[in-house]
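Structure first, commentary second.
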There are 2 protein chains.
Amino acid sequence: MSDIEVLLRMLSRRDELTAEEMRLLAALPKRRRLFARGETIIPSHAEPTECGLLVEGFAGREIMVGDGGRQLTAVKVPGDLLDLCTLLMRVTDHAVVALTSCVVSFISHRELLLVIEGCPHLGRLLWLTTTLDGAIQRNMSVNVGRRDALTRMANLICDLYHRLEIVGLAERHAMRIPLSQATLGDLLGISAVHVNRTLQTLRRRKVVSWNTSGDVVIRDYNRLAAIAGFDPVYLNLVKLSR
Amino acid sequence: MSDIEVLLRMLSRRDELTAEEMRLLAALPKRRRLFARGETIIPSHAEPTECGLLVEGFAGREIMVGDGGRQLTAVKVPGDLLDLCTLLMRVTDHAVVALTSCVVSFISHRELLLVIEGCPHLGRLLWLTTTLDGAIQRNMSVNVGRRDALTRMANLICDLYHRLEIVGLAERHAMRIPLSQATLGDLLGISAVHVNRTLQTLRRRKVVSWNTSGDVVIRDYNRLAAIAGFDPVYLNLVKLSR
DNA sequence: CGTCAGATTGATATTCATCAAGATCGGTGG
DNA sequence: CCACCGATCTTGATGAATATCAATCTGACG
């Protein structure tokens with residue numbers, strides 16, 4: 001898939017894009033780079049001059065907590081802009097790390113701002129992605145807040161399924177999530193051991209199958225969504241009129 | 001304090017505002033309304049046509065979780081826009097409720113969009129508030145994710161102190177936070193009983209005093225920030241050049 | 001075949017929720 | 001003025017969810 005293809009899919013699911021707008025986005029100069037799993041894509045407390053579009057792989061927002069542990073506050077999937085916030089906030093408050101090997105396309109802030117100036121509707125669309133990012137983050141907060149491990153896990157699976165489906169990386173309730181159980185623990189705020197036991201429960205109940213190599217199949221979506229208390233409104237899958 | 005005064009303070013702490021921009025914001029027609037504690041300011045799954053500016057009081061984003069419990073994913077203080085996200089996302093994914101009695105000024109989306117069209121820099125500034133909101137949300141996620149109750153509480157106190165200070169509602173380490181312990185529990189994802197015990201620990205260690213009527217004094221900021229592992233970068237208190 | 005990362009399992013420790021019973025306090029009506 | 005009331009804060013006791021530690025198992029890969 002081309003660099004821009006995933007972005008266009010992600011955006012056009014939320015709003016109509018004109019041919020001209022697609023052209024403008026496609027014409028943006030991009031610097032493509034590969035990251036190995038574990039590498040830092042964007043460091044914390046930095047002042048980037050470009051923003052990254054995740055093209056392949058999974059990345060995560062990482063904030064270190066006091067005692068050496070880390071908390072991942074978000075998973076990023078292909079089509080997500082990794083640090084659009086730096087376009088407006090000078091200093092990053094978190095790092096973005098590669099959770100699997102990743103392909104990232106960088107677009108300079110300057111170029112991006114020029115395009116927005118020439119096409120305010122694109123600006124609004126990018127603003128919308130910031131809003132969406134906030135909504136996804138909120139869902140994450142709820143998730144780690146007051147729910148038990150099983151609910152958290154179910155919610156994460158629902159969230160990823162819908163987001164991957166948008167960019168064509170999930171279909172018929174199947175997808176690949178090649179994250180280790182330790183990484184899942186960092187995402188859900190639970191220990192790796194408990195992730196393991198939680199997955200076993202989901203398997204035992206025949207709701208989800210998730211093998212060691214990361215192939216995930218949702219065997220009973222309705223039950224999964226019920227366990228998760230999942231409400232997809234936050235994903236804003238209803239198109240906005242212009 | 002006038003309706004717009006708190007908003008101007010909040011914004012001008014992050015970027016320069018010209019006299020013209022201030023005039024535009026002040027000239028926006030507003031519909032002022034009072035809410036009693038516990039009332040819903042913006043319902044969930046609604047399609048608002050205006051956005052609320054919190055002028056006085058504390059509000060919270062509320063998402064209900066399965067078993068009747070609620071999770072507050074954010075506290076809003078005077079100067080905060082309560083639901084700017086609805087300007088771009090049609091349907092609200094959460095409710096906003098009054099945690100104390102609140103004064104809210106509503107501004108219609110239409111008027112707001114007109115102003116932005118005429119003054120792109122104001123649009124960027126509002127976009128920045130969306131970004132900022134995301135950063136505050138992220139800090140919240142970290143907070144409820146993997147930290148113990150004491151750390152969560154310390155973090156919330158630091159967060160509120162800085163945000164209240166910006167709008168002139170905190171100074172010399174003193175502020176009023178008239179939230180019940182049950183409400184604090186909903187914010188931190190812990191039970192009300194545990195909130196009580198946590199506050200006692202902070203009092204016993206002479207880090208914070210917090211009496212029943214909501215007067216809070218940070219007696220040892222450095223120790224509090226150390227307990228919290230607090231890093232204020234996310235509040236973006238460094239002004240952006242234009 | 002050896003190695004290594006990750007998954008799995010069992011045993012124990014900790015944190016926090018829950019339940020239940022006072023204590024405190026501001027307000028309210030007699 | 002006083003008795004009462006409801007809401008909130010406080011305290012103690014018990015139990016459940018999850019962390020932590022340690023050991024073993026598995027599969028990929030050189």
* Distance, rounded to the nearest Å, where Leu188(A) contributes CG and dT18(D) contributes C1' -> 13 Å
* **N-O pairing of Glu165(A) and Arg9(A) below 4.0 Å** => no
* Structure fact -> Rounded to whole Å, the NE2-P distance (His194(B) to dA17(D)) equals 17 Å
* Round to the nearest Å and state the distance from Arg147(A) atom CZ to dA17(D) atom P. => 17 Å
* Whole-Å distance between dT11(D) C1' and Gln200(B) CD? -> 8 Å
* Hey, do the aromatic rings of Phe230(B) and His162(B) have their centres closer than 6.0 Å? -> yes
* To do: Not counting sequence neighbours, list each pair that qualifies as a salt bridge (Lys or Arg N to Asp or Glu O under 4.0 Å) and has a residue in residues 133-144 of chain A.
  => Arg61(A)-Asp133(A), Lys76(A)-Asp133(A), Arg138(A)-Asp93(B)
Give each protein N/O atom lying under 3.5 Å from an N/O atom of nucleotides 7-9 of chain D, with the pair distance.
{"residue": "dT8(D)", "atom": "OP1", "partner": "Arg37(B)", "partner atom": "NH1", "Å": "3.2"}
{"residue": "dT8(D)", "atom": "OP1", "partner": "Arg37(B)", "partner atom": "NH2", "Å": "3.0"}
{"residue": "dC9(D)", "atom": "OP1", "partner": "Gln181(B)", "partner atom": "N", "Å": "3.4"}
{"residue": "dC9(D)", "atom": "OP2", "partner": "Gln181(B)", "partner atom": "N", "Å": "3.0"}

* To do: Apply side chain to side chain contact (heavy atoms under 4.5 Å, CB included) to Val103(A) and list each qualifying residue two or more places apart in sequence or on a separate chain.
  => Arg32(A), Leu34(A), Val55(A), Glu56(A)
* To do: Using the salt bridge (Lys or Arg N to Asp or Glu O under 4.0 Å) rule, collect all pairs that involve residues 172-184 of chain A, keeping only residues at least two apart or in two chains.
  => Arg176(A)-Asp215(A)
* side chain to side chain donor-acceptor pair (under 3.5 Å) partners for Thr86(A), two or more places apart -> His109(A)
* Asked: Parallel, tilted or perpendicular for His173(B) and Tyr161(B), by the 30°/60° rule?
  -> perpendicular
* side chain to side chain contact (heavy atoms under 4.5 Å, CB included) with Arg33(B): which residues, sequence neighbours excluded? -> Arg31(B), Phe35(B), Glu39(B), Phe106(B)
* Under 4.0 angstrom, heavy atoms only, what part of the nucleic acid is Ala149(B) near: base, sugar-phosphate, or nothing? -> sugar-phosphate
* **Set of side chain to side chain contact (heavy atoms under 4.5 Å, CB included) partners for Thr201(A), sequence neighbours left out** => Leu150(A), Arg204(A), Arg205(A)
* Among residues two or more places apart or on two chains, list those pairs meeting salt bridge (Lys or Arg N to Asp or Glu O under 4.0 Å) that have a residue in residues 140-164 of chain B. => Asp186(A)-Arg146(B), Asp80(B)-Arg163(B), Asp159(B)-Arg163(B)
* Asked: Is there a donor in the side chain of Gln137(A) and an acceptor in the side chain of Ser141(B), or the other way round, less than 3.5 Å apart?
  -> yes
* Along DNA chain C, first and last positions that approach a heavy atom of chain B under 4.0 Å -> dC16(C) to dC19(C)
* **Relative orientation of the end axes in the helix from dC1(C)-dG30(D) to dG30(C)-dC1(D), expressed as an angle to the nearest 10° (five pairs per end)** => 30°
* Listed by chain and number, what are the side chain to side chain contact (heavy atoms under 4.5 Å, CB included) partners of Ser180(A), not counting sequence neighbours? -> Arg37(A), Ala182(A), Thr183(A)
* Mark yes or no for whether Asp83(B), through its side chain, and Ile42(B), through its backbone, hold a donor-acceptor pair below 3.5 Å. => no
* Quick one: does Cys51(B)'s side chain get under 4.5 Å of Leu82(B)'s, heavy atoms only? -> no
* Asked: Across the strands shown, which category fits Gly189(A) at heavy-atom distances under 4.0 angstrom: base, sugar-phosphate, nothing?
  -> sugar-phosphate
* **Annotated protein contacts, base or backbone, on nucleotides 21-30 of chain D with a non-hydrogen cut-off under 4.0 Å, one of B, S, - each** => B---------
* Could you state the atom-to-atom distance from CZ of Arg146(B) to P of dA19(D) in whole Å? => 7 Å
* **Atom pair distance, as rounded to whole Å: CG in Asp148(A) and P in dA19(D)** => 11 Å
* Rounded to the nearest angstrom, tell me the gap between atom CD1 in Ile190(A) and atom P in dA19(D). => 6 Å
